[in-house]
Every structure is written in structure tokens, then in C-alpha cells.
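Convention: sequence-line order gives letters A, B, ...; per-chain numbering from 1. Since the structure is predicted, the reported quantities are computational estimates derived from the model, not experimental observations. As a basis for the values below, the full set of heavy atoms in this structure was taken, side chains included, without hydrogen atoms, waters or symmetry mates.
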Amino acid sequence: MQHAWRKLVMSHKETIGVLLTDILTGPLGVSADQLEDPAGWIEEPKDKKMGDLAFPCFRLARVLRKKPNLIAADIMEHLEARVAETAGITGVNAVGPYLNFTLDRAALAADLIPAVLDGSFLARRPDKGEKVMIEYSQPNTHKAFHVGHTRNVALGASLAHIFEWNGFEVVPVNYIGDEGAHIAKCLWYYRTYFDGNIPDTNLGEFLGELYTQATLKLDFNLLTRCPMPKVSVARVAEIADFPDNPKLKIVQVDTGEKTVQVVCGGTGYKQGDKVAYAHIGSRVNGRQVGEISKNGVPSKGMILSELEMGLSDDKMQLKIFPDDAPVGLPVAEYMRTDALPADVSVLEEMERRNHGVAETLKLLEARDPEVYALFEKTKKWSMDEFHAIYDWLGAPFEHYFFESDVGGEGKKKVLEYLEKGVLVKSEGAVGADLSEFNLPFLLLLKSNGSGLYSTKDIALAHEKFDRFGVDRSIYVVDVGQSLHFQQVFATLLKMGYQRAKKCYHLAYGIVMLPGEEPGAPPRKMSSRDGTVILFSELRRQLVETVTAVHLEESYRGVWSDEEIREAAEVVAKSTINYGMLNQDNGKDIVFDMEAWTSASGNTGPYMLYAYARTRNILAKLGDFDRNSADWSLLTHETEQDLVATMEKFHKVAERAAREYRPQVICLYLFDLCKSFSSFYNHCSVLRAETPELQATRALLVDAVGRVIKKGLDLLGIETLERI
RNA sequence: GCGCCAGUAGCUCAGCUGGAUAGAGCAUCGGCCUUCUAAGCCGACGGUCCGGGGUUCGAAUCCCUGCUGGCGUACCA
């Protein structure tokens with residue numbers, strides 16, 4: 001069924017276009033081929049007060065060789081009479097270079113409001129025949145779920161609703177990270193160190209805590225200020241000039257065992273100084289130290305600067321130890337902290353811990369009965385918690401993918417395409433040369449043959465299209481993965497998988513915390529520093545603050561405790577969801593618990609409040625004569641605003657899907673709710689001057705409430721009948 | 001080094017494919033509750049749209065360039 005309201009608005013532009021064409025090609029003498037399509041130039045004025053539609057005369061300036069505002073005046077002369085006899089348009093005036101048209105709002109309201117009330121306006125759009133998969137959330141098991149993750153969930157869930165409403169067939173899916181080193185670390189810590197009691201609740205967060213503890217155990221900077229094996233104290237035995245290069249010196253270094261020659265570019269040392277010497281084969285800041293030769297002068301190992309040791313920003317100054325530093329002693333031991341007992345070797349302890357994690361990983365991969373059983377048990381702890389969180393947030397999932405399920409298939413595919421010559425070997429590893437796409441090499445198999453994140457994504461993409469038959473695949477993943485997905489999609493294309501063109505990475509910015517002092521820049525959350533806001537904590541604090549600040553005084557004793565609790569939960573959810581969505585996808589969000597819970601202005605609770613007010617009016621009013629409504633009575637500025645704003649709903653929802661931006665719905669709802677609040681303070685329904693006006697306003701209020709509710713629905717936000 | 005993203009009011013942010021006097025919220029300061037819920041409404045204050053060029057009748061918007069910040073740059077996920 002065609003909606004009358006839509007035809008009406010479309011026809012306004014066409015009607016005006018015809019009028020303008022008549023006048024321009026007639027009295028003003030513009031030839032038709034110079035005119036193109038005036039209806040297409042019509043836009044909406046920035047300020048609603050100026051009118052409903054505007055025609056800018058700038059482009060005509062060139063054709064007519066006249067100033068735009070004079071052209072507007074010329075057209076006006078002929079236009080006014082024509083407009084007066086045109087139905088649907090109530091007025092026109094020339095403002096500078098613009099012609100502003102006012103539409104017949106009573107006619108608009110007469111079409112729109114009944115359509116809202118009978119449900120046809122807000123009904124899901126006709127089926128588009130396109131199946132869209134939306135992958136979001138992707139949490140790692142054995143890690144904590146925190147505020148940052150809620151942005152992803154809010155975005156994904158909202159997009160699912162928005163696409164659904166726009167007539168797409170939506171398949172919302174999750175992709176669980178249940179494989180990899182993080183799990184080995186967590187389980188290693190649990191088996192090696194944990195001796196407390198397992199809590200009764202929040203087992204997922206408990207695992208996250210174990211994981212954090214594990215990373216602390218593996219942060220060797222806590223054991224020594226120089227966590228580098230194969231770096232030891234050495235003595236500068238002799239310094240000689242380098243031929244033809246005054247910046248370099250040839251240094252003979254006494255390591256305690258032998259004397260080696262090093263070409264050194266650093267400064268601030270002299271013969272006899274004690275320095276940090278990195279042996280061949282050691283790793284310095286991730287780089288392997290090898291034997292090199294500079295202009296034919298061999299150099300074995302390197303002498304570390306203060307920068308290389310992470311002690312200062314000075315990249316030239318070599319680290320010099322006091323004279324009593326024993327030559328040959330590993331620097332890791334020399335610079336140890338007091339975290340370990342003195343009789344425990346730092347290097348041995350580092351080795352022991354690294355080995356422990358590696359062993360756990362091996363046992364996991366080999367499905368050792370004990371370790372694997374522990375893995376499955378703990379994985380369930382995480383999954384149970386995830387499900388509870390999704391349930392609370394209202395996030396739908398139709399299917400769960402698991403990393404552990406796609407790894408094997410990924411490897412198979414990579415080897416198959418290596419065989420075909422599409423993928424190549426490089427430095428012992430396998431990957432895709434993407435230079436034809438102007439992208440860097442994508443590693444797909446490590447030199448030891450094991451797969452990576454990218455390997456799994458190759459298999460996952462196939463699975464999505466082949467098994468679920470989707471036409472489009474959206475990945476909601478943070479912006480840090482942009483290059484990764486460009487590479488994955490390009491690799492798929494290179495493998496001849498044309499449907500990679502229908503893959504889209506929706507990149508969003510991360511969630512930050514406000515600076516510690518006013519004016520300080522926002523900071524990243526870090527589980528290590530304990531600055532992460534865990535989900536349970538977020539929920540608890542939000543509900544608590546909402547109750548204390550807004551519900552306690554007004555409703556305790558008036559509502560049941562149960563109703564207060566439920567209201568607090570709904571408000572808390574709206575706060576977090578709306579806050580996460582009402583921001584440009586790509587930009588970082590600063591999550592300020594205090595600011596978010598204060599809940600005034602452009603926030604979720606503001607929308608809920610506006611909605612509850614619409615319901616409250618109707619509840620107080622009770623029955624009224626719906627047939628006595630007279631749309632021409634809606635003359636107040638705020639009433640006309642509401643009608644005009646409601647009308648935009650389809651355009652907004654369509655745009656939100658097209659641009660993958662739930663935010664446009666937020667902006668729209670804020671606009672609508674603000675108009676309603678203004679209306680609420682200016683026009684009373686219960687005390688309307690006449691029964692007709694009262695009935696008309698009541699229907700308007702009802703319609704506005706429904707549009708707000710539907711908009712919030714698309715954002716994944718529930719409403720309350722009263723707050 | 002290279003690549004991507006960003007820089008708009010004291011703070012947090014809108015500003016759609018270039019259009020009218022650059023807009024909100026918060027904060028600050030004034031008003032409005034015996035009348036439908038004050039989580040609200042009305043008003044005031046507040047801007048060299050990072051700098052510099054260019055395209056255009058017209059630039060916060062497009063192009064170039066510089067500065068600043070963030071992120072990413074093959075054996076982590």
C-alpha cells in the first residue's frame with residue numbers, strides 16, 4: 001500500500017518545480033535546456049522558521065547574468081499569484097537569494113498523523129530482498145568484558161534493528177575468540193599460582209582478573225629494569241677511530257669471557273667504562289641482533305644506549321654502569337628489582353614463566369585431558385557471562401562463530417592457494433603479496449606453520465557467504481583493524497572470491513576515560529593499571545546512581561520497590577546505549593561515569609522522559625472523541641515543528657542504514673524530543689481551549705510518542721510508560 | 001619512513017553529497033512549578049571552524065601544503 005503522506009511530500013517538490021519552470025521559461029526567458037530540473041535544486045531551509053522548502057537562485061545567476069537576490073525578486077513577481085491558487089502550498093516569500101515556500105501543514109498532519117496511529121507509517125519497510133550479516137561483539141573468552149566492549153555491542157545491535165526495519169533480512173552474528181595465547185596465559189596462571197576460592201558469581205570477570213594477573217607475572221619489567229636475556233655488563237677495553245666516519249668508533253669490548261669488536265655510533269663513554277653489551281642472537285626492542293659489517297669492518301653485537309634500554313630519550317648516550325658493576329653479569333640481574341627473593345635468578349624465573357605458558361599452550365592444542373577440561377569449563381564461565389550481558393543490553397545474535405572452529409579450514413585454504421600460486425612463501429612463512437592493491441604483505445601462516453587471526457578470517461568470510469547465503473557482510477570492529485580488514489578483503493579478492501566486494505568493515509573508535517585532572521587529555525583503559533571499568537561495575541554504578549539521583553526521593557513509597565528497580569535498569573541501559581551511539585562512529589568516545597549518569601541534555605534518559613510524558617498525558621486524559629480532531633487547529637509553532645519532524649523519520653532511518661550510522665537516529669530523536677518538550681511547556685492538552693483542539697493535540701501527542709518509541713527501538717533502547 | 005583518521009565555544013560534540021547570521025548539550029549567569037512529570041522549558045554569555053595557499057558567485061565542508069594529536073605498519077588477537 002502506498003502511503004499518502006509520502007506522495008504528498010514528493011509532490012510538493014514537483015509542483016514547485018513545475019511552477020518555477022513555467023515562470024523561468026516563460027516571462028523570464030530562460031531556455032529549457034539551460035534549466036535542467038529546478039525541482040532537484042529544492043532544499044530544506046536550515047532554520048525551520050524560514051519555511052518548509054527553499055529554492056536557491058544562485059545557479060540561475062550565471063544563466064541570467066543577474067544577482068541571485070534580484071532573480072528571486074523577479075520570480076516572486078510572477079510566482080505569488082500562482083502559489084495562491086496551488087493546493088498544498090500556503091505561501092512563498094523571497095529572502096535574499098532564496099525563495100522560501102510554506103506548505104499546507106494541516107494537509108500534511110491530516111495524512112501523517114493517522115498513518116502513524118494506524119501503524120502503517122512506522123511499519124517495517126517493504127522487503128528489499130537483500131540478506132545482510134552483521135558480525136559484532138567478538139569478545140575473547142577468559143578476558144574481562146568492559147565498557148569499551150559495550151560500544152561495539154550497542155553499534156552492532158542497533159545496526160541490526162535499523163537494517164531490519166529498512167527491509168533487509170538481517171543475520172546478527174558473534175565471533176568468539178576462544179583460542180590463542182591469552183587463554184594459555186589465563187589457565188597457566190590459574191594452575192600455577194591461584195590458590196584462593198572460586199567465586200559464586202561473575203565467573204567471567206574472575207577469569208579476566210586471572211588473565212590480568214597473568215600478564216603482570218609476564219611483565220618482566222616488574223622483575224628487572226632490563227628484561228633482556230643475553231645482555232650483560234662489559235668493559236670498554238679499547239676505542240679506535242672508524243675510517244672516514246668521525247661519528248663511529250671501533251670498540252673492543254671485554255665481555256668477561258672474551259674480547260669482541262663492536263662498531264659503535266653512541267657517545268658519552270671512555271675507555272674502562274662499564275656498558276651494557278647485547279650478544280649476537282639477543283633481542284633488543286624486538287629486533288634480533290646479528291653480526292654485521294660496516295664498510296667492511298665487522299661488528300659483533302651492540303652496546304646499548306639509554307633509549308634502547310628504555311631509561312631515557314637519549315639515543316646517543318650509552319648506558320654507563322658504576323665502576324663496581326661486575327663484568328659478565330647479566331644486566332637483567334644487575335638491574336633487578338626486589339620483586340623476587342635474592343637467591344632466585346631473574347633470567348631463570350623469566351625463562352620458567354615463559355616456558356610455563358608455552359607448555360600450557362601445547363597441552364591445550366594437544367587436547368590434554370586435564371587442561372582441555374579446564375578450558376571447556378572456564379570457557380563456559382565466560383560464555384554464560386556474555387549471554388547474560390547480551391540479554392541485559394538487548395543484543396540479538398542468531399549464530400555464534402568460534403575461532404576454534406575456523407582455524408583448520410583457514411589453514412587448508414591458505415595451503416590450497418599457496419599450491420595454486422596465488423599466495424607466496426616469504427621468509428619461511430606464507431602470505432599474500434598485495435602490492436597490486438597498494439597494500440602491505442599479509443601474513444597468513446607463521447614460519448612454524450601455525451595460523452593467525454587473518455587465516456581464520458579467510459575461512460570465516462567463506463563460511464558466512466557459503467553457509468548462510470548472505471549478500472552482504474558487515475564487520476563491526478574497532479578502527480585499529482582497518483588495515484587488517486583491507487588486507488583480508490584484498491586477499492579474498494586475489495583468491496578469486498568476488499563476494500569480498502560485499503564485505504564492509506565498520507570501524508569505530510575506542511572508548512577512553514577522562515583525564516585524571518581537569519584539562520588533562522583522555523587516557524586509555526588498561527586492565528593492568530586497573531583503570532578498566534568492568535561491565536558489572538558499570539551496570540551497578542549506573543543503576544545505583546540513577547536510583548539515588550532520580551528515583552529515590554520522588555518515587556520511594558509511591559512505586560513498588562520492584563518498579564523502581566526495573567525503571568532504574570531501563571534508564572541505565574538507555575544511558576549506556578544512547579551514549580555509545582550518539583557519537584561519530586570513527587571517533588573515540590570519552591566515557592565519564594559522572595557526566596553520563598547526570599543524565600540531562602542530549603542523553604538516553606531525556607528521550608525516555610519525553611516518551612513517558614506523552615504516555616502520561618494520554619493516561620490522564622482518558623477517553624476522548626477522536627473524530628473531533630481538526631488538523632487545521634495545529635497552528636502553534638511547536639505543533640507544526642512536531643509534524644514536520646515526524647515526517648522525516650523514514651528519510652532518517654534510511655540514511656542511518658545507508659551510512660551505517662545509528663547516530664543519525666540519535667540526532668533525529670533529540671530534535672524530535674526537544675520539539676516535544678517545548679510543545680509540552682507551551683501547549684497544554686488537558687487544558688486545551690476547546691474539545692476539538694484537545695482531541696487534535698492528543699492525537700498529535702500519541703503519534704509523537706510512537707515515533708519516539710520506534711526510534712529508540714531502532715537504537716535498541718526500551719521505553720518506560722512512566723518515569 | 002609510509003599509510004589511515006582527526007583538529008569547530010571553557011569542556012563533550014553536531015554540521016548530510018559546498019549555500020542564508022556556524023548549531024546543540026554540559027558548565028556559568030538570569031527567569032519559569034497552586035494549572036498534563038522541573039530528568040523539563042525560556043533567555044544570556046561564549047567561536048580567527050588548527051595555520052597558509054587554491055578551486056568557486058559562494059568553503060567548516062572540496063584540492064594542495066604545513067603544524068599538532070591518535071592509530072596502524074608480517075610471525076599477538
Colleague: Taking NZ from A/K456 and C1' from B/C76, how many angstroms apart are they, rounded to a whole number?
Modeller: 10 Å
Colleague: Just wondering, do A/H550 and B/A39 stack (centres under 5.5 Å, planes under 30°)?
Modeller: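 A/H550 ring centre within cut-off of B/A39 base, planes near parallel; stacks.
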Colleague: What nucleotide among B/G7, B/G15, B/A74 has an atom nearest to a side-chain atom of A/K587?
Modeller: B/G7
Colleague: Within this structure, what is the CZ-to-P distance between A/R613 and B/C36, rounded to whole angstrom?
Modeller: 11 Å
Colleague: Keeping A/Y555 on the side-chain end and A/I723 on the backbone end, is there a donor-acceptor pair under 3.5 Å?
Modeller: yes
Colleague: Can a side chain N or O of A/S426 be found less than 4.0 Å away from OP1 or OP2 on B/A74?
Modeller: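 No.
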Colleague: Contact class for A/R661 (heavy atom, under 4.0 Å): base, sugar-phosphate, or nothing?
Modeller: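 If one applies the 4.0 Å heavy-atom cut-off, A/R661 turns out to touch the sugar-phosphate alone, with no base involved.
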Colleague: Compute whether any side-chain donor of one residue and acceptor of the other, for A/N152 and A/S137, lie under 3.5 angstrom apart.
Modeller: no
Colleague: May I ask you to decide whether A/K456 forms a salt bridge with A/E179, counting only side-chain N to carboxylate O separations under 4.0 Å?
Modeller: yes
Colleague: N/O contacts under 3.5 Å, protein versus nucleotides 71-73 of chain B?
Modeller:
unit_1 : atom_1 : unit_2 : atom_2 : d
B/C71  : OP1    : A/K524 : NZ     : 2.5

Colleague: Would you say a side-chain N or O of A/R523 is under 4.0 Å from OP1 or OP2 of B/G70?
Modeller: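 Negative; the distance criterion is not met.
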Colleague: Is there a donor-acceptor pair under 3.5 Å between the side chain of A/H505 and the backbone N or O of A/V477?
Modeller: yes
Colleague: Select base, sugar-phosphate, or nothing to describe what A/N582 touches, counting heavy atoms under 4.0 Å on all strands.
Modeller: nothing
Colleague: Flag this pair as yes if the NZ/CZ of A/K379 is under 6.0 angstrom from the six-membered ring centre of A/F402 and inside a 45 degree cone about the axis; otherwise no.
Modeller: yes
Colleague: Could you go through nucleotides 22-30 of chain B and list every protein N or O atom that sits under 3.5 Å from one of its N or O atoms, giving the distance for each pair?
Modeller:
unit_1 : atom_1 : unit_2 : atom_2 : d
B/C26  : OP1    : A/S600 : OG     : 3.4

Colleague: With a 3.5 Å limit on both atom pairs, tell me what B/C13 is paired to, counting Watson-Crick and G-U wobble, or say none.
Modeller: B/G23
Colleague: Expressed in angstrom and rounded to an integer, what is the separation of A/D641 atom CG from B/C41 atom P?
Modeller: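 Rounded to the whole Å, the gap is 14 Å.
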Colleague: Starting at OH of A/Y578 and ending at P of B/C13, how long is that distance when rounded to a whole Å?
Modeller: 15 Å
Colleague: At 4.0 Å (heavy atoms only), tell me whether A/Q138 reaches a base, stays on the sugar-phosphate, or touches nothing.
Modeller: nothing
Colleague: Any chance CG of A/N438 has more than 12 other-residue heavy atoms, nucleotides or ligands included, within less than 6.0 Å?
Modeller: no
Colleague: Atom CD1 of A/I71 to atom C1' of B/C57: distance rounded to whole Å?
Modeller: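 About 11 Å, once rounded to whole Å.
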